[in-house]
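Note sheet for the following structure.
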Amino acid sequence: MDSILVTGNGPLNGQIPIAGAKNACLTLMPATLLSEEPLTLTNAPRLSDIKTMTLLLQSLGAEVSSLQDGQVLAMSSHDLISHTADYEIVRKMRASNLVLGPMLARLGQAVVSLPGGCAIGARPMDLHIEALEALGAEIELKDGYLHAQAPSGLKGAVHEMRFASVGATENMVMAATLAKGTTVLKNAAREPEIVDLVECLRKMGAQIEGEGTSTIEIQGVDRLHGATHQVVTDRIELGTYMLAPAICGGEVELLGGRLSLVGAFVEKLNAAGIDVEETDKGLKVARKNGRVTAVDVTTEPFPGFPTDLQAQMMALMCTAEGTSVLEERIFENRFMHAPELMRMGAQIDVHGGTATVTGVEGLKGAPVMATDLRASVSLILAGLAAEGETVVSRVYHLDRGYEHVVRKLEGVGAKIERIKSDG
Ligand code: UD1
């Protein structure tokens with residue numbers, strides 16, 4: 001298993017290009033299942049999760065070609081050969097469950113393995129099931145698989161979700177595009193990835209209104225057609241790299257970044273003493289003064305502070321002046337980076353969903369282990385700011401969500417290298 005060696009090397013300066021959003025691309029790809037005509041995505045990120053979704057779609061009979069070094073995905077679901085999403089693929093990536101809604105809508109049936117728990121929490125599927133049942137689907141659990149059917153097609157309905165789940169919103173919106181009549185989804189998630197999905201579905205001929213608000217209305221149509229769509233900028237990759245100059249000092253411009261994608265996060269950065277400015281190419285982030293100030297953070301659904309930036313923000317708070325309280329409200333077990341950061345000299349006290357971080361003047365390099373995707377990059381950020389060498393092992397987590405991380409950080413002056421291992 002490869003590892004990454006980071007050596008603290010002072011301020012960072014320059015530009016970092018931000019890729020298309022992993023979480024948007026992983027919901028746009030299953031949208032191909034809704035139409036017999038081709039769907040092409042541009043600005044796709046080059047990530048192992050995208051390869052996993054490619055394999056899943058191919059196993060269902062879709063054609064998926066990766067063009068222009070992986071940045072363009074040309075897909076066609078003209079002839080589907082299977083309606084079963086196998087456990088061997090689904091267990092690797094929870095987003096695999098996003099084929100459920102589209103398959104059910106297009107084929108009237110779908111069998112999708114339950115993803116099982118993952119490192120950050122139990123992550124059940126009940127909200128997805130309730131949403132699709134509201135559209136008339138009959139769903140039963142057999143041998144670890146959800147067996148879903150809609151023999152006489154899906155029918156529009158009014159449904160209010162108990163929690164604004166991103167995945168359940170995506171599954172229901174996709175399914176409702178081909179349902180008979182009107183669907184009104186209340187307490188829908190408002191994440192930018194949902195707005196991006198709806199924009200793509202609309203190009204395919206879907207009739208949808210209200211994306212980005214908590215009520216989405218979908219007028220079912222008989223069929224969807226082909227389209228080309230550019231994947232929205234990855235707000236989590238953006239926020240992660242915004243933290244690089246925040247934690248190391250210097251000034252870095254994030255190409256393609258927009259304030260509207262990271263509003264709540266920028267408010268916290270500003271409060272900590274970091275300057276953020278929108279430019280014509282993206283966002284410029286600078287830390288010109290000394291240590292940052294501790295700020296409290298609570299993760300919430302969009303437009304609140306994203307759970308996917310909590311680990312990285314904790315790395316920054318480890319070196320802040322004062323004490324910060326980080327409250328994780330989306331996932332029950334998402335502080336696994338804390339003990340690893342403590343190996344680097346951080347002072348963190350975790351109680352349930354709350355972590356109290358007392359900033360220290362400096363972190364010290366250490367061998368640490370990545371436990372999940374966002375945890376792995378928080379350790380890299382901490383390593384950039386630490387004195388000496390940090391080796392982050394199990395970087396396959398990182399490959400799921402960050403393309404060319406070494407190249408991007410080297411480009412702004414970081415000392416970072418990937419250590420290949422044959423094992
Ligand atoms: C979540 C994040 C999303 C992030 C993604 C990947 C939120 C609101 N969502 O999306 O921004 O990009 O993880 O890390 O921050 N839940 C249920 N039943 C369900 C579905 C979800 O109880 O059927 C619970 C989950 O266990 C979790 C919460 O709802 O506690 C949020 O889930 P959801 O928004 O669905 O998660 P993702 O779509 O994975």
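Counting starts at 1 for both ligands and their atoms, in listed order.
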* Would you name the heavy atoms of Glu130 and His159 that are closest together and state the gap between them? => O-CE1, 3.7 Å
* Donor-acceptor pair between His128 and Asn171 side chains, under 3.5 angstrom -> yes
* Any N or O on Glu332 sitting closer than 3.5 Å to an N or O of ligand 1? -> no
* Asked: What closest approach, in Å, do Arg223 and Leu178 show between heavy atoms, and which atom pair accounts for it?
  -> CA-CD2, 3.9 Å
* Would Asp126 and Arg162 count as a salt bridge (charged side-chain N to carboxylate O under 4.0 Å, His left out) if you check the C-alpha gap in whole Å, the side-chain angles of each, and the deciding distance to 0.1 Å? -> CA-CA 10 Å; Asp126 51 339; Arg162 287 181 284 117; 3.0 Å; yes
* Tell me, which protein residue and heavy-atom name are nearest atom 39 (O) of ligand 1, and how many Å apart are they? -> Arg123 NH2, 2.8 Å
* Asked: Do any N/O atoms on Glu300 end up under 3.5 angstrom from N/O atoms on ligand 1?
  -> no
* **Per-atom contacts of ligand 1 with Phe163, taking only distances under 4.0 Å to non-hydrogen atoms** => 28 (C), 29 (O), 31 (C)
* Within-cut-off N or O pair, Ala168 and ligand 1, under 3.5 Å -> no
* Asked: Any idea which atoms of ligand 1 are less than 4.0 Å away from a heavy-atom of Thr307?
  -> 15 (O)
* Asked: Which atoms form the tightest heavy-atom contact between Gln310 and Arg334, and what is the distance?
  -> NE2-O, 3.0 Å
* Atoms in ligand 1 flagged as close to Gly167, the criterion being non-hydrogen separation under 4.0 Å -> 35 (O), 38 (O)
* Just distances here: any N/O of Leu127 and N/O of ligand 1 closer than 3.5 Å? -> yes
* Do the side chain of Thr279 and the main chain of Lys281 share a donor and acceptor less than 3.5 angstrom apart? -> yes
* Asked: Can you check whether a protein heavy atom sits less than 4.0 angstrom from atom 24 (C) of ligand 1?
  -> no
* **Within reach of ligand 1, part of Ile330 (heavy-atom separation under 4.0 Å)** => both
* Short N or O distance, Pro124 and ligand 1, threshold 3.5 Å exclusive -> yes
* Asked: If you measure from OG1 on Thr177 to CG on Leu197, what distance do you get to the nearest 0.5 Å?
  -> 9.0 Å
* Asked: Backbone, side chain, both or neither: what part of His128 comes under 4.0 angstrom of ligand 1, heavy atoms only?
  -> both
* For Val166, is at least one N or O under 3.5 Å away from an N or O on ligand 1? -> yes
